[in-house]
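Remarks on the structure that follows.
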Amino acid sequence: MASSRVKTVCPFCGVGCGINLKIDEQGKLTGVEPQQSHPVSRGKLCEKGWSTAYAIRPDNRITEPLKRIQDRFYPISWDEALNEIGEVIREIQAEHGSDAVGVISSARATNEDNYAAQKFARVVLKTNNIDHCARICHSPTVAGLKQTLGSGAMTNSTKDIFETELIVVIGADPTENHSVFGGQMIEARLRGAKLVVIDPRVTRLAKMADVHLQLKPGSNIALINAILHVLIKRKLYDASFVSQRCEGFEALARSVKAITPELAELSTGISAAKIRTVAELYGQAKSAMILYGMGITQFVSGTSNVIALSNLALVCGQIGRPGTGINPLRGQNNVQGACDMGCLPNVYPGYQAVEDKLVQDKFAQAWGEPVATRPGLTSLGMTKAALAGEFRCLILFGEDPVVTDPDQNHVRVAMKKMDLLVVAELTMTETAKLADYILPAASFAEKEGSFTNCERRVQHIAQAVQPPGLAMGDWQWLKALAEALGSHALSWTNSEAVFDEMASLTPSYQGMTYSGIALAHGLQWPCNQDAPQGTAILHQTVFPIGKARLIPVHQIDIDEKTDEQYPLILTTNRLSCHYGCGSMTRKSPLLERETPAGLLFINPADARTLHIQRYSPVGIRSRRGYVETRAMITDDVPPGLVSMPYHFKEAPSNQLTNTAQDPITKMPELKACAVSVVPLPPGQEPKDIEHLSEGQ
Ligand SMILES: Nc1nc2c(c(=O)[nH]1)N[C@H]1C(S)=C(S)[C@@H](COP(=O)(O)OP(=O)(O)OC[C@H]3O[C@@H](n4cnc5c(=O)[nH]c(N)nc54)[C@H](O)[C@@H]3O)O[C@H]1N2
Ligand SMILES: Nc1nc2c(c(=O)[nH]1)N[C@H]1C(S)=C(S)[C@@H](COP(=O)(O)OP(=O)(O)OC[C@H]3O[C@@H](n4cnc5c(=O)[nH]c(N)nc54)[C@H](O)[C@@H]3O)O[C@H]1N2
Ligand code: SF4
Ligand SMILES: [Mo]
């Protein structure tokens with residue numbers, strides 16, 4: 001075999017950078033290089049992209065199905081595993097009904113895997129209990145933008161960053177989290193674009209911004225409404241765009257009439273003068289691009305926050321043209337795709353409503369079987385129902401909720417309480433450790449499929465190497481499990497057949513084929529008869545709902561208040577070198593060397609009051625849990641606010657976080673909870689969570 005390079009896509013974040021995997025003569029993955037001609041990454045990768053080969057190396061992978069007997073895992077054949085799982089599912093459904101089981105799919109896996117997962121839930125298990133990590137990521141985007149624009153996705157393309165006059169980054173830290181795109185933002189800034197950053201922390205982009213609005217956590221709506229107040233009062237908005245393309249302006253104008261910058265100064269902590277400056281910059285820019293992330297969505301006010309941003313873009317007509325738009329920075333490599341595929345409890349592929357009778361009939365006919373008709377449980381809803389004894393079995397792949405869902409103690413109890421937990425993974429995660437069966441999954445390099453990046457670009461991924469041991473692609477084991485349950489609904493013979501079935505049922509993907517997406521570095525949806533080459537900018541002449549809706553929203557404060565016992569607010573953030581639960585990036589010695597495990601970022605003033613030294617051990621307690629780690633003293637967080645990454649299983653910030661939820665999407669408030677911080681005695685090492693729980 002000759003050495004080769006296989007063209008594929010980075011498996012980490014939603015930027016979707018183009019990579020080539022380097023394969024040696026023995027068929028072994030030896031390295032990675034950027035694709036020079038890729039339209040998004042333009043020959044660049046970040047440190048995670050460069051470390052891809054480490055993330056999936058065969059040592060340390062799960063290579064055969066495992067069954068837990070008491071506290072140990074034993075190898076078992078695929079047939080035995082699937083038959084036993086199938087039998088327990090049947091028993092549970094016979095006793096407790098079809099909704100006692102559910103599936104959590106993976107925004108890290110392919111469109112084909114996710115399409116198969118929702119079809120498996122709906123046709124084989126007869127339940128709409130299907131969800132994935134978008135719930136705790138951009139579900140408020142999907143819900144909010146669907147209401148205001150009719151489509152919950154990034155409206156523009158990453159290349160627009162070079163065509164805009166004004167970049168507004170709100171609640172996102174792109175140089176850490178969408179690093180290649182973040183680098184392009186720096187480039188655009190250096191070429192003359194203006195930059196406004198709205199974030200309670202001083203991020204790298206905040207340091208080079210024209211204006212940084214360092215607002216109090218959770219005060220986004222108060223701020224945006226005050227900006228709207230100035231825009232409307234001073235007639236800086238786009239009256240002709242509003243009259244031609246929007247409805248609801250009068251009610252919106254009334255709702256912000258009393259929200260003066262002076263009033264907003266009290267709740268946001270930002271001076272009225274700065275609020276006016278930003279309103280002027282945004283109102284007067286020929287083109288302005290809003291880019292936002294978890295600092296908008298991960299609040300009990302998540303959906304309203306998204307609506308507020310949409311109101312802002314719409315009244316200024318900053319949408320439907322190059323260099324404009326409202327642009328959610330979708331997080332995972334394929335979270336846009338997993339949503340598009342219908343891995344959500346209320347919609348089929350292409351956001352077709354589960355409750356719509358015509359849609360039910362369409363899918364029942366296409367799939368040749370009756371489908372579940374009632375909307376299902378969300379991921380956190382499944383956890384809650386498990387704790388109540390109403391949900392008994394979860395099939396989960398490519399997520400590690402014990403580390404990444406809020407309130408870790410309560411997630412652990414729920415996972416243990418179920419009669420059957422099946423986890424398909426690349427490695428032994430904290431969640432897999434609690435499973436009854438672990439199935440070995442193939443990584444992105446070991447299977448064919450497609451990923452949809454943050455700008456709706458559907459890209460082909462080619463198989464580069466063989467899966468280790470007995471590992472299988474996710475749709476392949478789902479198909480085998482369906483067969484063990486007596487169903488042939490998933491009987492595709494290759495990934496292309498899965499894609500073709502999906503495209504035929506998903507209007508925005510209808511014009512796509514494997515050859516089409518492979519040729520052109522992907523195609524951006526909608527891609528259909530009207531737009532065979534795909535669509536770079538949404539809503540250019542009309543919104544899917546006709547006119548866009550301006551919807552008044554009001555400030556909703558964070559759920560937990562500080563008090564004497566818990567005097568600080570904890571927010572959670574990400575670090576450039578680590579990703580999600582860390583199960584892939586932490587295999588790279590280079591990435592591991594760059595960042596110590598755990599960390600609490602704290603302002604020097606708070607550190608002084610609490611007698612905390614640089615890098616000294618600290619304990620952090622919330623109303624739900626306790627962790628220990630080391631303090632990093634920095635002006636990047638203001639006094640009163642501390643921040644922790646959530647990548648480290650030794651010091652999981654999700655021991656502490658709040659499960660209070662946005663009422664519309666059930667998004668938990670991962671970005672704010674009340675904590676206390678204490679220094680540990682000098683010389684005492686921070687205990688990792690396992691040892692802490694043993695001691696309790
Ligand atoms: N290196 C790395 N990259 C990643 C990931 C990773 O784990 N590691 N994960 C991927 C995923 S799944 C996602 S969803 C994306 C997320 O990417 P981002 O959305 O950038 O994620 P975060 O760092 O969690 O939060 C963004 C910012 O919100 C700010 N913030 C907190 N509260 C508020 C507030 O009230 N208002 C405002 N305006 N801002 C606030 C925080 O200070 C932080 O800077 O990253 C993706 N990329
Ligand atoms: N405190 C706090 N918590 C958070 C957040 C926060 O900002 N703060 N952010 C939230 C957000 S936005 C998100 S998206 C979630 C992410 O939470 P998760 O989705 O749980 O995180 P990941 O690390 O992406 O986990 C993915 C797992 O998938 C596995 N995997 C990768 N590829 C494949 C595949 O092809 N098949 C299979 N079967 N497995 C695969 C990896 O080995 C990894 O263990 O975390 C959330 N949790
Ligand atoms: S920016 Fe995202 S997609 Fe690009 S190399 Fe880094 S992690 Fe991969
Ligand atoms: Mo995410």
Side-chain angles (χ1 to χ4, degrees), residues 11-15 46-48 55-56 61 104-110 113 132-138 169-179 182 197-203 206 213 215-220 223 292-299 301 305 328-335 396-406 423-427 429-432 439-444 446-447 449 454 471 473-474 477 558 570-585 636-637 641 643-647 652-654 656-657 668 670-672:
F12 290 107
C13 88
V15 177
C46 77
E47 53 275 69
K48 294 178 294 303
I56 54 167
R61 286 279 296 276
I104 290 185
S105 73
S106 176
R108 307 295 301 282
T110 63
D113 297 328
H132 72 286
C133 70
R135 181 68 40 213
I136 52 177
C137 185
H138 269 291
V169 175
I170 175 163
D173 190 0
T175 58
E176 301 283 316
N177 304 332
H178 294 82
S179 313
V197 174
I198 306 176
D199 199 303
R201 296 184 313 125
V202 188
T203 60
L213 302 183
L215 80 177
K216 288 186 190 154
S219 63
N220 296 293
L223 173 70
Y292 73 93
M294 299 297 102
I296 283 293
T297 57
Q298 287 177 336
F299 283 102
S301 55
N305 289 342
L329 292 167
R330 301 305 299 260
Q332 305 262 47
N333 57 329
N334 196 36
V335 68
L396 174 146
F397 66 97
E399 280 199 14
D400 189 11
V402 169
V403 176
T404 58
D405 276 2
V423 174
E425 249 299 345
L426 313 186
T427 36
T429 58
E430 295 305 289
T431 308
L439 305 177
S443 77
F444 84 108
E446 298 143 8
K447 58 189 176 188
C454 67
D474 294 301
W477 65 257
I558 56 178
L570 169 82
T571 191
T572 54
N573 64 298
R574 293 167 159 77
L575 303 173
S576 167
C577 286
H578 283 301
Y579 194 92
C581 69
S583 70
M584 290 170 82
T585 42
D636 290 352
V637 289
L641 183 71
S643 185
M644 276 183 87
Y646 78 106
H647 312 302
S653 49
N654 282 324
L656 308 168
T657 44
L670 292 166
K671 281 287 177 273

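Ligands are counted one by one from 1 in listed order, and the atoms in each one are counted from 1 as well.
- Annotation for ligand 1: atoms under 4.0 Å from non-hydrogen atoms of His178 are 15 (C), 17 (O), 45 (O).
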message = Walk me through whether Ser105 and His132 qualify under side chain to side chain donor-acceptor pair (under 3.5 Å).
response = CA-CA 5 Å; Ser105 73; His132 72 286; 4.5 Å; no

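- Note that the CD1 atom of Ile104 and the CG atom of Leu396 stand 5.0 Å from one another [nearest 0.5 Å].
- One finds the OG atom of Ser106 at 7.0 Å from the CZ atom of Arg108 (value rounded to the nearest 0.5 Å).
- Of the possible donor and acceptor atoms, one in the side chain of Lys671 sits under 3.5 Å from a partner among the backbone N and O of Thr572.
- Between the Asn305 side chain and the Ile296 main chain, a donor and an acceptor come within less than 3.5 Å of each other.
- Distances between N or O atoms of Leu575 and those of ligand 1 include at least one value under 3.5 Å.
- Below 4.0 Å from some heavy atom of Pro217 lie the following atoms of ligand 1, by number and element: 35 (O).
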task = Output, in order, the C-alpha distance, side-chain angles, deciding distance and verdict of salt bridge (Lys or Arg N to Asp or Glu O under 4.0 Å) for Arg61 and Glu446.
result = CA-CA 13 Å; Arg61 286 279 296 276; Glu446 298 143 8; 2.8 Å; yes

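- Residue Ser576 places at least one N or O, backbone or side chain, under 3.5 Å from an N or O of ligand 1.
- With rounding to the nearest 0.5 angstrom, the CG atom of Asp400 is 11.5 Å from the SG atom of Cys133.
- At least one N or O atom of Glu176 sits closer than 3.5 Å to an N or O atom of ligand 1.
- Under the 30°/60° scheme for interplanar angles, the aromatic rings of His578 and His647 are found to be tilted.
- Here the closest heavy-atom approach between residue Thr297 and residue Cys137 is recorded as OG1-O, 2.8 Å.
- Those atoms of ligand 1 with a heavy atom of Gly218 less than 4.0 angstrom away are 34 (C), 35 (O).
- Separation of atoms CE (Met294) and OH (Tyr646) is listed at 9.0 Å; rounding is to 0.5 Å.
- Within the 4.0 Å heavy-atom cutoff, Phe299 counts among the residues contacting ligand 1.
- Remark: ligand 1 atoms within the under-4.0 Å shell around heavy atoms of Gly171 are 19 (O), 26 (C), 27 (C), 28 (O), 37 (C), 38 (N), 39 (N).
- Taking every non-hydrogen atom of Leu215 and a distance limit under 4.0 Å, the qualifying atoms of ligand 1 come out as 36 (N), 37 (C), 38 (N).
- Between Ile198 and ligand 1, an N or O atom pair is found at a separation short of 3.5 Å.
- Every protein residue with a heavy atom nearer than 4.0 Å to ligand 2 is included here: Arg108, Ala109, Cys133, Ile136, Cys137, Met294, Gln298, Gln332, Phe397, Gly398, Glu399, Asp400, Thr404, Ala424, Glu425, Leu426, Thr429, Ala441, Ala442, Lys447, Asp474, Thr572, Arg574, Tyr579, Gly580, Cys581, Ser583, Met584, Tyr646, Ser653, Asn654, Thr657, Leu670, Lys671.
- Remark: ligand 1 and Lys48 share an N or O pair separated by less than 3.5 Å (distance only, no angle test).
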Evaluation steps, side chain to side chain donor-acceptor pair (under 3.5 Å), between Ser576 and Glu47 = CA-CA 8 Å; Ser576 167; Glu47 53 275 69; 2.8 Å; yes

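- The ligand atoms of ligand 1 that sit less than 4.0 angstrom from a heavy atom of Ile170 are 38 (N).
- Taking the six-membered ring where the residue is Trp, Phe12 and Tyr579 present tilted rings, their angle falling between 30° and 60°.
- Close contacts of ligand 1 with Arg201, meaning ligand atoms under 4.0 Å from a residue heavy atom, involve 41 (C), 42 (O), 43 (C), 44 (O).
- Of the candidates Ile136, Thr657, Asn654, Leu670, Asp405 forms a side-chain contact (heavy atoms from CB on, under 4.5 Å) with just one, namely Ile136.
- Every atom of ligand 1 with a heavy atom of Thr203 under 4.0 Å away is listed here by number and element: 44 (O).
- For the pair Leu329 and ligand 1, no heavy-atom separation below 4.0 Å is found.
- In terms of polar-atom proximity, defined here as any N/O pair under 3.5 Å, Asp173 does make such a contact with ligand 1.
- Interatomic distance, CG of Asp199 versus OG1 of Thr571, reported as 8.5 Å (0.5 Å rounding).
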